[in-house]
Amino acid sequence: MHSKDLSRRIFIKDIGLAGLSIPLLPLHCDNPGQKISNMKDNKNKLGIALVGLGNYATGQLAPALQETEHCYLAGIVTGTPSKAINWKEKYNIPEKNIYSYENYDSIKDNPDIDIIYVVLPNAMHAAYSIRAAKAGKHVICEKPMAVSTQECDEMLAACKAAGKTLSIGYRLHFDPYHLEIKRLGQQKVLGEISKINSSFSFVAPKGIWRLDKRLSGGGPLMDLGIYCLQAVCYTTGQVPVAVTAQSPPVTDTDKFKGVEETLDWQMEMPGGLIAKCRTSYSENSNQFRAETTKGWFEVQPAFGYSGLQGRTSAGKIEYPRLSQQARQLDGMAQSIKNNQPSIVPGEMGRRDVIIISAIYEAMKSGKRVEIKY
Ligand code: NDP
């Protein structure tokens, strides 16, 4: 076997893991210093246009699209002309595939673009996803799907009317550590889950759109807590029937005018399990742990792009480094090519927005809120 193939294999210590259904991808570009020619060898790949060239698109998605086998970076949509110039040069993007927010709708006439990936601030997700669907393109929208259930419904309706798919950028559904805790939990490998604790937090700098409710729709719950919420759902294979939530007193009233600073919440699952979660923009944390009737499993750090570490009462979980985003993008492109449903569909994004709304309602009212989907 070629040494590179060996480096792509999964190494698992001490416990057995289920076979992953998603193939492992090459981990690096062969020649990272080389100017990238994205037009060559792309005949059988779906063309993706990224909308909003911020940190995530620049630091993660565009590099991942240099590794993908089923899709490639075909175009960009940006409000910043200097970014258009830099990206055009760096990724060899033809001028005809570069759009502003003003001429975005004319993307409908561009056959190079099959999928539009919306990577804008949360409150812009709905409008740009709906415009993408109306342009006759498949849509990938970043998390959280939108800032209200009504927006989610409108996005789903627009994609349905256009006959196009809508996926949410839930990268961890393509990450082997998370696929493994999903298997451990859902298949009860270490018994029934009896407790879950999860948190995801970072210290947010002042002045960013994430602190402006008009653009974010909410605070760390929408941005980071959503990962804990997701992990509870995919490790249990259930959705909560009710939630409770508490927001501790704000420590910086100037910084946290419109959104919560820290939030503790509890998700009541159908069998009675209470999953306890916490998120904050004023502290650092990044973990998921489940206690089970026969042991425990955890990932810590849990939710980053790399450096995840998994452990169970039966031993370590260990995988080689890989690009979550490349696996996510290829997984989504493959499902479109094969006419299969997305594993992270808009309906899942909508479900999470419903849970988030219930958590906010519980935070404000101080009461247990039952959830209707
Ligand atoms: P950034 O602030 O880094 O980038 C957002 C980009 O959106 C800007 O650079 C800009 O791009 C464009 N934009 C258009 N209008 C505005 C506006 N009014 N204010 C600010 N930006 C605007 O954000 P991120 O890249 O970190 O996040 C973007 C989305 O991706 C969010 O929904 C976030 O939740 C999600 N995300 C998902 C991650 C994941 O792991 N799945 C990780 C990080 C973020 P331009 O200059 O090109 O117009």
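Each ligand, and each atom within it, is numbered from 1 in the order the structure gives.
Annotation: the span from Phe174 atom CZ to Gln328 atom CD amounts to 6.0 Å, rounded to 0.5 Å. We find the CD1-CG distance between Ile113 and Leu46 to be 11.0 Å, quoted to the nearest 0.5 Å.
Atoms of ligand 1 found under 4.0 Å from any heavy atom of Lys83 (numbered from 1 in listed order, with element): 9 (O), 11 (O), 45 (P), 46 (O), 47 (O). Here is the list of ligand 1 atoms found below 4.0 Å of a heavy atom in Gly169: 41 (N). Within the listing of ligand 1, atoms 45 (P), 47 (O), 48 (O) sit less than 4.0 angstrom from a heavy atom of Gly79. Residue Val119 approaches ligand 1 through these ligand atoms, each under 4.0 Å from one of its heavy atoms: 28 (C), 29 (C), 30 (O). Within the listing of ligand 1, atoms 11 (O), 47 (O) sit less than 4.0 angstrom from a heavy atom of Gly52.
Summary of contacts: the protein heavy atom closest to atom 25 (O) of ligand 1 is Tyr56 N, 3.0 Å. Distance from atom 36 (N) of ligand 1 to its nearest protein heavy atom, with residue and atom name: Glu142 OE1, 4.0 Å. The protein heavy-atom contact nearest to atom 11 (O) of ligand 1 is Leu53 N, 3.3 Å. The closest protein non-hydrogen atom to atom 29 (C) of ligand 1 is Leu120 O, 3.4 Å. In terms of protein heavy-atom proximity, atom 4 (O) of ligand 1 is closest to Gly54 CA, 3.1 Å. Among all protein heavy atoms, the one lying closest to atom 21 (N) of ligand 1 is Pro121 CG, 3.5 Å. The single protein non-hydrogen atom nearest to atom 23 (O) of ligand 1 is Trp209 NE1, 3.4 Å, given as residue, atom name and distance. Among protein heavy atoms, atom 40 (O) of ligand 1 sits closest to Arg171 NE, 2.5 Å.
Under a 4.0 angstrom heavy-atom cut-off, His125 registers as being in contact with ligand 1. The shortest heavy-atom distance from Met124 to ligand 1 is under 4.0 Å. Heavy-atom separations between Tyr305 and ligand 1 include at least one value shorter than 4.0 Å. Contact annotation: Arg210 has at least one heavy atom less than 4.0 Å from an atom of ligand 1. Ligand 1 is approached by Tyr227 to a heavy-atom distance shorter than 4.0 Å.
Under 4.0 Å from ligand 1, the heavy atoms of Tyr101 that appear belong solely to its side chain. Of all the heavy atoms of Gln60, none lies under 4.0 Å from any atom of ligand 1, so neither backbone nor side chain is involved.
A distance below 6.0 Å separates the ring centres of Tyr227 and Phe200. Aromatic rings of Tyr170 and Tyr234 (six-membered ring for Trp) have centroids beyond the 6.0 Å cut-off, not under it.
For the pair Ala57 and ligand 1, the shortest N or O to N or O distance does not fall below 3.5 Å. The shortest N or O to N or O distance between Gln325 and ligand 1 is not below 3.5 Å.
Side chains of Lys137 and Asp114 form no contact here, defined as non-hydrogen atoms less than 4.5 Å apart. For the pair Tyr99 and Val51, the minimum side-chain heavy-atom distance is 4.5 Å or more. Looking at heavy atoms from C-beta onward, Val239 lies out of side-chain contact with Met267 at the 4.5 angstrom threshold.
Geometrically, Arg289 engages Trp296 in a cation-pi contact, judged by NZ or CZ lying under 6.0 Å from the ring centre and within 45° of the ring axis. A cation-pi geometry, defined here as NZ or CZ lying under 6.0 Å from the six-membered ring centre and within 45° of its normal, holds between Arg131 and Tyr128.
Looking at Lys108 and Asp105, no side-chain N of the basic residue comes within less than 4.0 Å of a carboxylate O on the acidic one, giving no salt bridge. Contact check on Glu361 versus Lys367 returns no salt bridge, with no Lys/Arg side-chain nitrogen under 4.0 Å from an Asp/Glu carboxylate oxygen. Look at Lys182 and Glu180 and you find no salt bridge, because none of the NZ, NE, NH1 or NH2 atoms lies under 4.0 Å from a carboxylate O.
Around CD of Gln150, the count of heavy atoms belonging to other residues, nucleotides or ligands within 6.0 Å does not exceed 12.
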Determine whether Asp223 and Lys143 satisfy the following criterion, salt bridge (Lys or Arg N to Asp or Glu O under 4.0 Å), listing intermediate values before the conclusion. CA-CA 8 Å; Asp223 191 28; Lys143 42 60 55 177; 3.1 Å; yes

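Nearest residue to atom 3 (O) of ligand 1 from Asn55, Val51, Val118, Leu50 is Asn55 (criterion: closest heavy atom).
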